[in-house]
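Structure record follows, encoded as structure tokens.
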Amino acid sequence: MEVRAKEEIPIGQDLTPPIPPLSLSLHHSTLLSHCSSCFSPLPSSPFSPTNNPSPNHFIRYCSLQCSSLDSPLHFSSSEFHFFHLFPQPLYTTSPTSTDLRLSLRLIHRFQEANVSFSSLERIGGLVTNFKKLTLLEEQQYYNDDDEGEISGRILEGAKATAVARRMRDGLDTNVELSAAEYAVEAAVLCLVLTNSVEVHDKDGRSLGVGVYDLAFSYINHSCSPNASYRFCTAFDCGGELEFRICPAASGTDAAGTEGSEACGPRIVLRSIKAIQKSEEVLITYTDLLQPKDLVKLFRSFMSLEILWRGDVDSSEFIFLVVMRQSELWSKYRFSCCCKRCKAMPTSYIDHCLQEILFLNLGCSSMASGDHFYGDRVMERLADCLDDAINDFLSFSNPKCCCEKLEILLTQDHVDVVLTPNGENLHRLFRLHPLHHVSLQAYMTLASAYKVSESDLLALDSECDKHQNDAFRMSRKSAAYSLLLAGATHHLFESESSLVVPLSNFWMTAGETLLSLVKSSIWNSFPKGRHIEEISFSSCQSCGKCTLLDRIRVTFTNSRDRNAEFAEVTSQFLNCVTDITPKIWGFIIEEGGGYLKEVVDPINLRWLESRTSSVTHFGTHATSGNAKETDSGFKAVQHHRETRVNLFQLSIHCLLYGAFLSTICFGPHSPLTFKVENLLSHEG
Ligand SMILES: C[S@@+](CC[C@H](N)C(=O)[O-])C[C@H]1O[C@@H](n2cnc3c(N)ncnc32)[C@H](O)[C@@H]1O
């Protein structure tokens, strides 16, 4: 099944009315903070399930109404018994206990609706991938050790749900069940894994998982999708709309397929590209900023000499494909053949996300035969990234994380390659600034420097040294968030479905810049402009931009929305391209590090000279460095102008981020409100 557009649809329009869930389940971590029925935050005195046979409940409700609505399902689906048999989460990886509880609730829904279980490959119209996921069907060429493990966990999980259902029915729970006795549970669990979606609150926090009506569940994946989705409650969904899409195979409207949860977050689909009549509507099931794949060879006795000569018998080794393709394979068991994945030569975005600069081979990136070595190198870099992120998240050590990431980005790394005549060849390589590991490093650095700033101010905000250090951290955080937004924007120009992460990145850049503008340390600079003097009027004084006016009237008239989108984007880019060089030297001026090598975070043309001749890598960076340092000094002389420019830049980023957010999530999205809120304080 697939879903197609019933009419021509411009960018940034809702495609469906709010689609209700068939079933929902909170994650274990949110059971005591959110209502198990409607997913809203719990009040201070939450409600327990009604008809309470036990005082020790694992779930709570926000109101008596939610409790009376959901409690019968909680007990009759045997979710209650499952909690008592398995109070701790069974697995940390797929399928999780949340998936198991969701499948129990779904079985009950299906039974109540008299849905047939005669075909375990499709239940209630939804594909289960039952044979593929439980390894009953011959697998394709991907041969991941993990596959057997996932399949084993699915069968174990299904057995656990079957035991809970036996407990509910008063049957013996200590008998050994045959596979046939939990086949329905296994198939519905596979259905959950194939069709469920993470349900987020308005701040983007994952609350649980849900399976939605066919109108949503029939939508296939693409790595270059034309639609996105948002969650809303029954109260904030906006006006009712007809379905503008329909399942293609049956030709029937999706409108007839009603979800049965009376409350709980609903889903609305939205176009993020212009969609032609009858064109397939596609969403992404994975992170679009991941590269396509990395093919790793992992038979340890594999001869490097054979590889060097390219004289390889494919039966001799095992492929492990990771990243987008592998994620889709391990969760959904399909190999993506979308136009981005099939592109030959590799699409520009995928080329950048995987590119490694080999510095002493006289070529910028990996030659085609170099994949094995490139992938081995990538594994090492990804391990370094994980290690640094771990310092930040697990050990609350943002300083150490920043140091490790700066080294990861700045250093030339060494790889030793065995040549056919048995010599070790040392090769130097460096991450490309648009590599996916670089992008993740920018993201982590932006928040780790922010946390370092807050830590310093919390220590003693009156101490001059702490204030100065905190200001330096704030500048670095702003610089990395601007670099992340600029780099992603560069990729977005060739892959417009990146609009979803991009809207977030521009908003974060705007927020971080605004917090830098508000630092009290400015008042101690000579000619530092006082904060009260800076207002929206300073933004409009850039003279070129109608972004502010447009934001207020975004897409409310009948103009050509596709053209308007292009026009707003071009205006925004013109403005930020103008302003950024005026502040970049200032925000990267102190402390050195990787940022010194970034000539301009928005206009990335300087990258071309790096990739066309790597021997210029160092020199180019140095000359850019000198120029920027020079302009940095000038900027310090003119704090007043610098601060106004930073303010203008922050407002532009916030407004454009909000503009993109209305395209992806509609005019009432929480992100748009957030920006309006921030700006109303600046008015
Ligand atoms: C949520 S369902 C989508 C609807 C599904 N096509 C159906 O017939 O019900 C997800 C499943 O659809 C299939 N699928 C989705 N996107 C695909 C793609 N780009 N290529 C191949 N199969 C895809 C996979 O089997 C996947 O596990």
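Counting starts at 1 for both ligands and their atoms, in listed order. Just the heavy atoms: all of them, side chains too, but no hydrogens, waters or symmetry mates, feed the values below.
- The distance from ligand 1 to the heavy atoms of N220 drops below 4.0 Å at these ligand atoms: 3 (C), 4 (C), 5 (C), 6 (N), 12 (O), 13 (C), 14 (N), 15 (C), 16 (N).
- Proximity annotation for atom 19 (N) of ligand 1: of E2, R333, H221, H221 comes nearest, heavy atoms only.
- To the nearest 0.5 Å, atoms NE2 (H108) and OG (S23) are separated by 9.5 Å.
- Contact atoms of ligand 1 toward N195: 1 (C), 2 (S) (distance under 4.0 Å to a heavy atom of the residue).
- Of all atoms in ligand 1, listed by their number and element, those nearer than 4.0 Å to a heavy atom of S217 are 1 (C), 2 (S), 3 (C), 4 (C).
- Residues that satisfy the salt bridge (Lys or Arg N to Asp or Glu O under 4.0 Å) test with E280, not counting sequence neighbours, are absent from this structure.
- With sequence neighbours excluded, no residue satisfies salt bridge (Lys or Arg N to Asp or Glu O under 4.0 Å) with K202.
- Using bins of under 30°, 30° to 60° and over 60° for the plane-to-plane angle, the ring pair F231/Y212 lands in the tilted bin.
- The aromatic rings of F565 and F492 sit perpendicular, their planes meeting at an angle over 60°, well past the 30° parallel limit.
- At under 3.5 Å, a nitrogen or oxygen of Y332, whether backbone or side chain, sits near a nitrogen or oxygen of ligand 1.
- Using a non-hydrogen distance threshold of 4.0 Å, S222 does not register as a contact of ligand 1.
- Between H490 and Y348, the ring centre distance stays below 6.0 Å.
- Counting only N and O atoms by type, the side chains of K331 and T286 include no donor and acceptor under 3.5 Å apart.
- Heavy-atom proximity to N129, at under 4.0 Å, picks out these atoms of ligand 1: 25 (O), 26 (C), 27 (O).
- Numbered from 1 in the order shown, with element, the atoms of ligand 1 that lie under 4.0 Å from a heavy atom of T194 read 1 (C), 10 (C), 11 (C), 27 (O).
- The residue among W329, F334, Y285 with a heavy atom at the shortest distance from atom 23 (C) of ligand 1 is F334.
- Applying side chain to side chain contact (heavy atoms under 4.5 Å, CB included) to N226 and the options L15, L282, I11 leaves one that passes, L282.
- In this structure, R122 has a heavy atom closer than 4.0 Å to ligand 1.
- Each of the following atoms of ligand 1 lies closer than 4.0 Å to a heavy atom of I219: 3 (C).
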